[in-house]
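Working notes for the structure below.
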Amino acid sequence: MAETKQSLATKNVVEVIGKFIENNLKVEKDYVNGSLTVKYGDMADQVVEVSVYVAAKKGENKDEPNQKYDKMKDIHSTLTTVAQATEENPTSIVRISGREPFTPQIELNEYASNGEVISNPQVSLGFGNIKIVDIKPEDFKATYEMVVFLTANPKMIEDRLKVDAVYINYKGEIKPLSFFVEDEDLIEGIEGCEKGQTIEIWGDVKIANVVETKEKKSGFGGKAKTDTTITTTRELIITGGNPIDDTDKRAINADDVKKGFVEREAFLEELKKDKADNKKKDGGTFAGNVSKSASKKTSDIPF
């Protein structure tokens with residue numbers, strides 16, 4: 001009997017409850033793809049965008065119907081945004097959640113641009129579920145729970161504490177993230193953590209395009225001018241946490257992280273190479289060659 005490889009994936013759970021404000025889902029024959037945006041508070045940045053990809057078929061040979069595909073098509077046609085709402089058809093309140101390990105998660109959206117790799121955190125539905133619910137506004141939220149490995153000592157950036165860390169996804173890949181602490185008492189507690197330490201954290205998710213509209217009155221009278229600004233926020237705020245002892249089974253092994261960073265260097269170089277190759281096919285140019293030894297580079301390991 002073949003030995004089952006133990007998963008290195010770390011805890012990574014997201015739950016979102018709030019008003020449905022934007023539908024960017026696209027229904028195709030083979031999949032549903034796109035995103036949903038939910039507002040979970042009164043502040044302009046209390047918004048979260050959830051990326052969605054659900055295939056029509058599943059199984060090893062991709063020939064088994066996926067029930068979630070049909071459910072997602074129903075969700076797409078049933079949900080009502082704030083802009084679409086009427087007295088008879090009010091705004092949909094949605095809950096995006098799951099049961100471990102089949103939950104929405106924090107992921108990295110990574111792509112190459114101008115020879116650099118851009119990495120942005122995003123919330124992915126993954127194997128989670130979307131349901132229309134009847135929940136009061138005081139219970140709205142967009143929260144995460146994660147176990148992470150610190151790659152640097154936490155440091156103050158103006159009036160907030162920045163925490164640089166990595167998590168391990170279901171493929172066993174190392175993925176870096178930055179978190180922020182705003183509560184003064186919590187800053188005092190987390191500021192004493194050190195690189196190489198595993199910690200459990202939880203907090204709020206702020207990942208979306210934030211739209212703010214302001215009216216500017218005319219000094220001469222008449223109609224007011226409406227100014228609309230759109231800013232992108234991609235922040236993970238820590239609101240609580242616990243240290244994890246090295247003997248705890250949830251503790252992340254430093255050797256696994258070092259190995260993961262070496263593999264990540266190869267992944268990033270391949271990402272840039274693929275982008276360059278695509279540019280060549282499109283008639284573009286690419287300055288410089290990717291070094292074959294780059295996948296063995298270890299100098300960028302941050303601990």
Side-chain angles (χ1 to χ4, degrees), residues 8-18 38-50 95-108 120-126 128 135-169 174-208 210 233-253 257 303:
L8 295 175
T10 49
K11 184 181 184 71
N12 186 348
V13 175
V14 171
E15 183 176 14
V16 178
I17 303 172
V38 177
K39 187 164 181 60
Y40 62 91
D42 295 330
M43 303 295 288
D45 62 354
Q46 288 181 309
V47 183
V48 63
E49 182 179 14
V50 180
R95 182 180 185 182
I96 304 173
S97 61
R99 184 174 296 177
E100 287 190 79
F102 306 111
T103 70
Q105 296 188 336
I106 301 295
E107 290 186 350
L108 272 189
N120 292 318
Q122 66 178 21
V123 175
S124 171
L125 175 65
I135 294 180
K136 295 178 180 179
E138 55 262 34
D139 295 321
F140 289 178
K141 62 180 179 178
T143 58
Y144 69 88
E145 295 180 48
M146 299 183 74
V147 170
V148 299
F149 181 95
L150 301 186
T151 54
N153 293 336
K155 62 180 179 180
M156 292 297 297
I157 305 292
E158 295 181 351
D159 59 347
R160 302 196 302 174
L161 185 70
K162 184 182 180 187
V163 180
D164 290 324
V166 296
Y167 72 97
I168 306 176
N169 68 11
I174 290 292
K175 298 292 181 179
L177 288 172
S178 292
F179 303 84
F180 293 93
V181 188
E182 298 175 341
D183 179 84
E184 290 184 6
D185 292 335
L186 188 57
I187 286 175
E188 187 176 344
I190 295 181
E191 200 170 18
C193 294
E194 298 180 344
K195 63 180 180 180
Q197 186 175 354
T198 302
I199 62 173
E200 174 189 24
I201 53 175
W202 53 84
D204 298 326
V205 181
K206 298 178 180 180
I207 299 178
V210 179
T233 178
R234 298 188 183 95
E235 291 195 338
L236 301 171
I237 307 300
I238 300 176
T239 59
N242 289 308
I244 292 179
D245 190 83
D246 290 343
T247 59
D248 192 307
K249 65 180 181 180
R250 297 172 299 163
I252 301 172
N253 187 289
V257 176
F303 62 92

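Sequential numbering from 1 along the given sequence is applied to the chain's residues.
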With sequence neighbours excluded, residues passing side chain to side chain donor-acceptor pair (under 3.5 Å) with [X]:
X: Arg234; answer: none
X: Asp139; answer: none
X: Asp245; answer: Thr247
X: Lys39; answer: none

Criterion side chain to side chain contact (heavy atoms under 4.5 Å, CB included) on Val148 and Thr10, from CA distance to verdict: CA-CA 7 Å; Val148 299; Thr10 49; over 6 Å; no

Is any side-chain heavy atom of [X] closer than 4.5 Å to a side-chain heavy atom of [Y]?
X: Thr151; Y: Pro176; answer: no
X: Val16; Y: Val205; answer: no
X: Ile106; Y: Val14; answer: yes
X: Asp42; Y: Phe140; answer: no
X: Lys141; Y: Glu15; answer: yes
X: Lys155; Y: Asn153; answer: no

Looking at [atom1] of [X] and [atom2] of [Y], how far apart are the two atoms once the value is rounded to the nearest 0.5 Å?
X: Cys193; Y: Ile201; atom1: SG; atom2: CD1; value: 10.0 Å
X: Ile238; Y: Asp183; atom1: CD1; atom2: CG; value: 11.5 Å
X: Leu150; Y: Thr198; atom1: CG; atom2: OG1; value: 7.5 Å
X: Tyr144; Y: Leu177; atom1: OH; atom2: CG; value: 9.5 Å
X: Ile96; Y: Ser124; atom1: CD1; atom2: OG; value: 11.0 Å
X: Ile17; Y: Thr143; atom1: CD1; atom2: OG1; value: 7.5 Å

With sequence neighbours left out, write down each residue that passes side-chain contact (heavy atoms from CB on, under 4.5 Å) with [X], or none if nothing qualifies.
X: Lys11; result: Val13, Glu100, Glu145, Val147
X: Arg250; result: Glu200, Ile244, Asp248
X: Glu191; result: Met156, Leu161, Ile187
X: Gln46; result: Tyr40, Met43

What's the shortest heavy-atom distance between [X] and [Y], and which atoms?
X: Thr103; Y: Arg99; answer: CG2-C, 3.5 Å
X: Gly128; Y: Pro104; answer: CA-CD, 3.8 Å
X: Gly203; Y: Thr239; answer: CA-OG1, 3.2 Å
X: Gln105; Y: Pro101; answer: NE2-O, 4.2 Å

Under the salt bridge (Lys or Arg N to Asp or Glu O under 4.0 Å) rule, what pairs show up with a residue in residues 158-168, not counting sequence neighbours?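 Every salt bridge (Lys or Arg N to Asp or Glu O under 4.0 Å) pair that includes a residue of residues 158-168, provided the two are not neighbours, is Arg160-Glu182, Arg160-Glu235, Lys162-Asp164.
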
Carboxylate-amine/guanidinium contact Lys175 Glu107, below 4.0 Å: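 Looking at Glu107 together with Lys175, the answer is no, because their closest N to O distance does not fall below 4.0 Å.
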
Using the side chain to side chain contact (heavy atoms under 4.5 Å, CB included) rule, pick out the option among Thr233, Val47, Val123 that qualifies with Ile207.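 One option only clears the test, and that one is Val123.
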
